[in-house]
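Heads up, the thing below is written out as structure tokens.
When reading the values below, keep in mind they use all heavy atoms of this one structure, side chains included, and skip hydrogens, waters and symmetry mates.
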Amino acid sequence: MRDGILKHCKPQMHLHLASPVVSITVAILTAATAGHTEASLPYDCTAWCRNTSVNTLLASAIPTCLVDLNDSMVWAKHVIPDSATTLNSLGSYHQCKYEPGNEVLSGYQMCVLDVLDPTRSFTVVTQGMCLPDSCQGDAIELLVRQIVACPGSSLVETYLSEGCWGLNQTVVRGFLNGTWDVLARLAAIQAYTGNEPLNVQFHCGDNVAKSWDAGAIAILSLTGTLILLCIVSEIVEQSEQRVVRQAVRSTPSPVAVNRGSDSDTPDRIGSPRGQLAQPLLGNGHRSSASPWAESHRSKPMWRKFLKAFCLSDTVVSLLERSTNRTLSGLDGLRSLSMMWIILAHTQLVGLSLGTDNQDAKSLMKESLPQQFTLGSSLAIDIFFFLSGMLTTFTLLQRMRKNGKNKFPAPIFILLRYLRLTPLYAYVLCLYATVVVHLGQGPVWFRLEREAGNCRQEWWTNILYVNNFIPHEFHQTCMPWSWYLACDMQYFITGLFILTVYLRWRPVGLALAIGLVFVGVVSGYMLLSANTSAQDNYFDKPYTRVTPFAIGILLGILFVDRDLVRMRVPSLISSLMMFVSLGVMGGVIYVDYVNFTPKTKPWSARQDAAYQSFGRLGFALAVAVVSFTCVNNNHGLVNRFLSLGIWEPLGKLTYGAYLVHPIIIRAYYYQQVMLVHYVPFNQFVIFVAMVVISYGVAALLWLIVELPFASLTKLVFARSR
């Protein structure tokens, strides 16, 4: 996944108390007030305290904080004992914030220094520091970036030697001497960041959202309205059901005459036995002469609108199983891929926060079982493959049934947009406005900053161009939603290819095959050129298109070459399945040699070849697995992938994909101490994230996803 490529991050540093101590001492004495910007304080690697104009500005900016930090008791009481003693630690949050033995505020706050990876999407060093409330985090951040931007330690030494802005050298040097080799730690962080100041962030306080803005109130009002619509619709529906049941009882039927009173036995949601539960918008199997059918045809538009929110219908639609589904095994494949993604995000987001066992990243990367987690970006390739295959299979089946060779592509694109966007927009707005109010803590500011991106860049998501705009990953809104942008772009591309295929089949096949090579060649060229994998490879449609194109080709073979009905001998089918699963496992685990201490990491060209050709091999193997599942219905793998539990979970995949990163972030970003990385603990958290994510997705299915899909059907059915 784009927001969790641990393998492209540098190793975690094994350092003790580092440059944050310098930042505490010097930054407080030199930083500006919260309102100053980086432009107003340019990076100056000589000595700011010799600059009269800057000196005058900064000396008056934070006098209270200056007085506090020049008091040795402040350091001895809270700054030293409650700050983190090692990097990748948040220190003692409660001891810093509250007086011992009670909940009385101590007048101190926990501040956090984050050192980011070069893409600014992954926190590799986290340091907690207990500072007086008088110290402003965003002001200190300016000085921290100033120190990081200047090579060497001369600037810090100048601060200490010249006593800039009232620096009490006796106090400061007393705490910096001894085992705290501050300048060496500073050099290590400077080397890691490449003296890039924007790779450092500093923040203080609990980051509690203070007020509910208009956007938050609007989305909460919308949520309440949707819930109210569902309740009212269910009440009206049950009232109409009682009327229908009474009419059925008073009208003799051939079934009742021949079989007695079976028709009076209630079935699902109160409908008589032998009749299906009332289908969504009345598009079901009821007799055209039944009282229900007569009443439904006479319903006004407002009632049909209200029925789209009927809870009993949406619950039945979620839980019921379809019969005689040709591609039923794909539900299991889709659901397992979703759980694979949740597993990866659960572990990688936790590691990005930092762990108290500083070798956690090395332990994970050097663990053979954990390679499955690191290979999670291949799960998205499965999604792309399924999208291409199902789009092609469904469309060509419809064209064959209707005897047509063309279809209204613009209408299909509009339907696709209206199918995906309501839930997408709802979750985006919820994340941008409401979620920030649901937590607090020393690192909650990370979620606030990510949500802030959505308040700026929301339009790129709604237009499905967020994998191009903005270019830098850390500025995107809901960074995991790049997949949705690619999928929409692939859908449009796929419709174009199928349009060509229905008119000139050799040309359409050539286009699909050409897409396979576009993905392989573009990916290899970009990665071999040492380009940024995060910003230029992992979310771009031309580099990830290979599995989608293979899905199109398999869909064509299923319909036009009738491979769906092709019967393969069990022995050959089992051999194909065995080889395909072996290829998939090989693609996942061959990358392990990149991380073992005894092997040399791959070169840029070798890694580019693995990413490009490995994805091709993985997609081909998934295609063979899908083929054998469809054509060998009694196979063990197909039986497992076709279990009844997968169909409702498959319906919830879209919602689970949208919400699970928010839930994971909300959990980790409220922590007041860094997690201790243990695989079993991570597994427990993973199970909890799966259950909660699918539970929230089910609620969204009931009140947002299916109702708006039904309204779309209603509008287009009325326009015909």
Side-chain angles (χ1 to χ4, degrees), residues 1 318 321-322 324-345 372-373 375-394 397 483-484 486-487 490-491 494 544 546-559 563-564 568 573-574 576-589 614-657 660 686 690 693-694 697:
M1 300 292 292
L318 175 61
R321 292 195 61 192
S322 305
N324 300 323
R325 298 184 66 211
T326 304
L327 307 178
S328 58
L330 302 185
D331 289 323
L333 191 60
R334 180 187 295 110
S335 301
L336 291 174
S337 299
M338 183 67 253
M339 294 180 187
W340 188 6
I341 293 170
I342 296 177
L343 171 66
H345 280 165
F372 181 76
T373 300
S376 62
S377 65
L378 293 168
I380 292 293
D381 287 3
I382 296 178
F383 281 173
F384 287 147
F385 165 80
L386 293 176
S387 178
M389 188 185 68
L390 293 175
T391 297
T392 304
F393 182 83
T394 303
Q397 283 278 64
Y483 157 74
L484 300 178
C486 281
D487 190 61
Y490 291 158
F491 182 77
R544 304 297 296 271
T546 298
F548 179 81
I550 291 175
I552 289 179
L553 292 171
L554 184 61
I556 290 174
L557 293 176
F558 271 155
V559 178
L563 289 190
V564 170
V568 180
S573 178
S574 299
M576 293 172 62
M577 179 67 74
F578 178 79
V579 171
S580 299
L581 294 177
V583 171
M584 293 171 65
V587 173
I588 294 171
Y589 283 97
R615 293 185 187 279
L616 172 62
F618 187 85
L620 289 173
V622 173
V624 175
V625 169
S626 302
F627 170 77
T628 53
C629 284
V630 170
N631 290 275
N632 186 20
N633 292 328
H634 301 289
L636 180 62
V637 174
N638 185 60
R639 288 181 181 178
F640 174 73
L641 294 178
S642 301
L643 291 175
I645 187 63
W646 300 127
E647 187 170 347
L649 291 180
K651 296 174 184 177
L652 298 177
T653 297
Y654 180 46
Y657 184 85
H660 82 273
F686 157 68
V690 169
S693 297
Y694 274 94

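Every ring-ring contact (aromatic ring centres under 6.0 Å, His included) that Phe384 has, sequence neighbours left out, goes to Tyr483, Tyr490. Partners of Ser642 by side-chain hydrogen bond (donor to acceptor under 3.5 Å, both in side chains), not counting sequence neighbours, listed by chain and number: Ser328, Asn638.
Residue Thr546 holds its OG1 atom at 13.0 Å from CZ of Phe385, rounded to the nearest 0.5 Å. With rounding to the nearest 0.5 Å, the separation of CD1 in Ile380 from OG in Ser387 is 11.5 Å. Separating the CG atom in Asp381 from the CE atom in Met584 is a distance of 10.5 Å, to the nearest 0.5 Å. In this structure, the separation between CG on Asp331 and CD1 on Ile645 is 11.0 Å, given to the nearest 0.5 Å.
Here the closest heavy-atom approach between residue Ser377 and residue Arg615 is recorded as OG-NH2, 3.0 Å. Contact between Lys651 and Leu318 at its shortest, heavy atoms only, is NZ-O, 3.5 Å. Shortest non-hydrogen contact noted between Ile552 and Gly494 is CD1-CA, 4.1 Å. Across all their heavy atoms, Val587 and Leu378 have their closest contact at CG1-CD1, 3.9 Å. Considering every non-hydrogen atom in both His660 and Ser693, the closest pair reads CB-OG, 3.2 Å. In this structure, Ala623 and Leu554 approach most closely via the heavy-atom pair O-CD2, 3.7 Å.
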Discussion item. Go through it in stages, so that I can follow the logic: the residues are Ser580 and Thr628, the test is side chain to side chain contact (heavy atoms under 4.5 Å, CB included), and I'd like the CA-CA distance, side-chain angles, deciding distance and then a yes or no.
Written reply: CA-CA 10 Å; Ser580 299; Thr628 53; over 6 Å; no
Worksheet entry | Verdict with supporting geometry, Tyr654 and Leu484, side chain to side chain contact (heavy atoms under 4.5 Å, CB included) | CA-CA 10 Å; Tyr654 180 46; Leu484 300 178; 3.7 Å; yes
Item to complete: Would you sort out whether Leu620 and Ile550 count as a side chain to side chain contact (heavy atoms under 4.5 Å, CB included), showing the intermediate values?
Response: CA-CA 7 Å; Leu620 289 173; Ile550 291 175; 3.7 Å; yes
Worksheet entry | Worked check of side chain to side chain contact (heavy atoms under 4.5 Å, CB included) between Ile588 and Phe618 | CA-CA 9 Å; Ile588 294 171; Phe618 187 85; 4.3 Å; yes
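Between Phe558 and Phe627, the ring planes lie parallel to each other; the angle is under 30°, not in the 30° to 60° tilted range.
Two residues are said to be in side-chain contact when any heavy atoms from C-beta on lie closer than 4.5 Å; Met389 and Leu330 meet this criterion. Considering only heavy atoms from C-beta on, Leu553 stays 4.5 Å or farther from Leu557 through its side chain.
Between the Ser335 side chain and the Gly332 main chain, no donor and acceptor come within less than 3.5 Å of each other. Although no hydrogens or angles enter the test, the distance criterion places a donor-acceptor pair under 3.5 Å between the side chain of Ser376 and the main chain of Thr373.
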Could you go through residues 336-344 and list every donor-acceptor pair under 3.5 Å that involves a side-chain atom there, pairing it with any protein atom two or more places apart or in another chain?
unit_1 : atom_1 : unit_2 : atom_2 : d
Ser337 : OG     : Leu333 : O      : 2.8
Trp340 : NE1    : Phe372 : O      : 2.8

